[in-house]
Amino acid sequence: MKTMKYLLLSLVAAILVGCGTTNTVPLTGRKQTLMVSDGEMLSLSTQQYTDFMKTAKLSTNATNTAMVQRVGQRLATAVESYLKSNGMAADVQNYKWQFNLVQDQNVNAWCMPGGLICVYEGLLPVTQNEASLAIVLGHEIAHAVARHSAEQYSTQMRQQYGLQIGSVLASAIGVGDNAVAIGQEVLSQGLSLQNLHYSRGHESEADHMGLIFAAMAGYDPQVAVSFWQRMSAASSSNKTAEFLSSHPSDATRISQIQGWMPEALKYYKPQTTTTQTATTTKKTTTTKKTTTKKTTKK
């Protein structure tokens, strides 16, 4: 029995520690262990995004659609430039940027792995300007760059392995089936709360990175504070306690952004817009009218 116990413990350690590849998140330097490849995540997200867009209604507002695509592409260009300049050129091939504006009045935007982004029309009255839209799109792009979906998927895989092997181990050492079931339920609830905290960590990291991405693209990161204040005012007055939420509270979010602002401003180089004024040279041609007086001799 003891031999079986130690064998199973070794198996748990091998799966939970040894599996996966170690990756470093750009800008923040945080280490993460991933059990799924970029190619697998991109394949899955492309199919899901395609399926969603088949049923979604694209915005008929040409001006707003062009704005979303313009701001999104400007951010994507800045991000790719940063990755190439910092030894991560290979990562660029993982992005198939898309920026679509759809007819939906929810105040929302989201991103799938690979940079497949969707913006809802209901968000634009809150963003109000391109710089604030850049804050949102920078945040969504950051989720893709930081591989948050792959990381959460990997975490869930390890937790499932742990629960399954734990159940086998408990049975092997003589724990009753009812006790095993109760233990699994308690552990599952604990892991759910842990995952919420994990998601809040990802949201904060995306805020941090997105702020810098917006600055890299030439958008003033300081608009982020007023934007999130507007988001807070637009949200429901029935607030969920932060520890039960997958996102930081509005107050926490704004406070963190203010703390990151000095760092973001180091990357901020405003893009100057050159307005060309056409100069028209008016040529005046003066024509001399010569009158010839004929004298007739009589």
Side-chain angles (χ1 to χ4, degrees), residues 44-76 96-146 148-149 152-153 195-196 198-211 213-214 219 223-242 244-254 256-257:
L44 181 61
S45 65
T46 299
Q47 184 58 55
Q48 291 180 338
Y49 190 81
T50 300
D51 291 343
F52 172 82
M53 292 309 301
K54 286 178 180 178
T55 60
K57 292 183 178 180
L58 289 173
S59 173
T60 57
N61 188 314
T63 300
N64 287 341
T65 297
M67 176 180 66
V68 168
Q69 293 177 347
R70 179 173 62 253
V71 174
Q73 192 55 57
R74 188 164 143 185
L75 282 158
K96 309 296 180 185
W97 304 108
Q98 287 193 45
F99 303 92
N100 285 301
L101 179 65
V102 300
Q103 297 180 44
D104 192 312
Q105 292 310 305
N106 284 310
V107 182
N108 195 22
W110 46 263
C111 176
M112 287 187 175
L116 307 175
I117 291 175
C118 181
V119 177
Y120 293 178
E121 286 184 323
L123 177 69
L124 300 185
V126 184
T127 55
Q128 297 182 2
N129 54 66
E130 289 197 16
S132 294
L133 177 61
I135 297 299
V136 176
L137 293 183
H139 172 98
E140 298 304 332
I141 287 173
H143 279 307
V145 173
H148 285 160
S149 292
Q152 290 187 6
Y153 184 70
N195 289 341
L196 285 175
Y198 199 67
S199 296
R200 289 197 299 274
H202 281 175
E203 289 300 319
S204 292
E205 187 169 59
D207 281 346
H208 184 186
M209 295 172 64
L211 195 69
F213 288 157
Y219 294 104
V223 305
V225 174
S226 57
F227 164 69
W228 283 111
Q229 287 171 340
R230 291 195 299 274
M231 280 289 287
S232 178
S235 63
S236 171
S237 58
N238 183 19
K239 303 289 185 179
T240 301
E242 182 174 354
L244 292 177
S245 172
S246 62
H247 289 62
S249 70
D250 296 328
T252 297
R253 180 167 243 156
I254 291 170
Q256 288 177 333
I257 286 171

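Along the sequence shown, the residues carry numbers beginning at 1.
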Heavy-atom donor-acceptor pair, Y49 side chain to I117 backbone, under 3.5 Å = yes
Under 3.5 Å: donor-acceptor pair, side chain of R230, backbone of T127 =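 Yes, the answer is positive, given that a donor and an acceptor are paired below the 3.5 Å cut-off.
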Heavy-atom check, side chain of [X] versus side chain of [Y], under 4.5 Å:
X: R74; Y: Y219; value: yes
X: Y120; Y: V107; value: no
X: I254; Y: Q229; value: yes
X: T65; Y: L58; value: no
X: V71; Y: F99; value: no

Compare every heavy atom of [Y] with every heavy atom of [X], then report the nearest pair and how far apart it is.
X: P113; Y: S45; result: O-OG, 2.7 Å
X: F213; Y: A142; result: CE1-CA, 3.9 Å
X: A224; Y: L211; result: CB-CD1, 3.6 Å
X: G115; Y: C111; result: CA-SG, 4.0 Å
X: A214; Y: A134; result: CB-O, 4.0 Å
X: T50; Y: T46; result: OG1-O, 2.7 Å

Separation between [atom1] of [X] and [atom2] of [Y], rounded to the nearest 0.5 Å:
X: L116; Y: Q48; atom1: CG; atom2: CD; value: 10.0 Å
X: L137; Y: Q69; atom1: CG; atom2: CD; value: 11.0 Å
X: I141; Y: L75; atom1: CD1; atom2: CG; value: 4.5 Å
X: S204; Y: I257; atom1: OG; atom2: CD1; value: 9.0 Å
X: E140; Y: H148; atom1: CD; atom2: NE2; value: 11.5 Å
X: Q256; Y: D207; atom1: CD; atom2: CG; value: 7.0 Å

Between N108 and L123, is a side-chain contact (heavy atoms from CB on, under 4.5 Å) present by the stated rule, with each step listed?
-> CA-CA 6 Å; N108 195 22; L123 177 69; over 6 Å; no
Donor on one side chain, acceptor on other, E205 and H143, under 3.5 Å |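 Looking only at side-chain atoms, H143 and E205 do not form any donor-acceptor pair under 3.5 Å.
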Donor-acceptor side-chain pairing of T252 and R200 below 3.5 angstrom | no
Going through the distances and angles, do H139 and V136 end up as a side-chain contact (heavy atoms from CB on, under 4.5 Å)?
-> CA-CA 5 Å; H139 172 98; V136 176; 5.7 Å; no
Any chance you could lay out the side-chain contact (heavy atoms from CB on, under 4.5 Å) test for V102 and M53, step after step, and finish with the verdict?
-> CA-CA 9 Å; V102 300; M53 292 309 301; 4.1 Å; yes
Of all residues at least two apart in sequence or in a different chain, which pass the ring pair (Phe, Tyr, Trp, His ring centres under 6.0 Å) check with H208?
->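 Testing H208 for ring pair (Phe, Tyr, Trp, His ring centres under 6.0 Å), a comparison that skips the adjacent residues, returns W260.
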Set of ring pair (Phe, Tyr, Trp, His ring centres under 6.0 Å) partners for W228, sequence neighbours left out =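 In terms of ring pair (Phe, Tyr, Trp, His ring centres under 6.0 Å), with neighbours along the sequence ignored, W228 is linked to no residue.
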Trace of the side-chain contact (heavy atoms from CB on, under 4.5 Å) decision for M231 with F227 | CA-CA 6 Å; M231 280 289 287; F227 164 69; 3.3 Å; yes
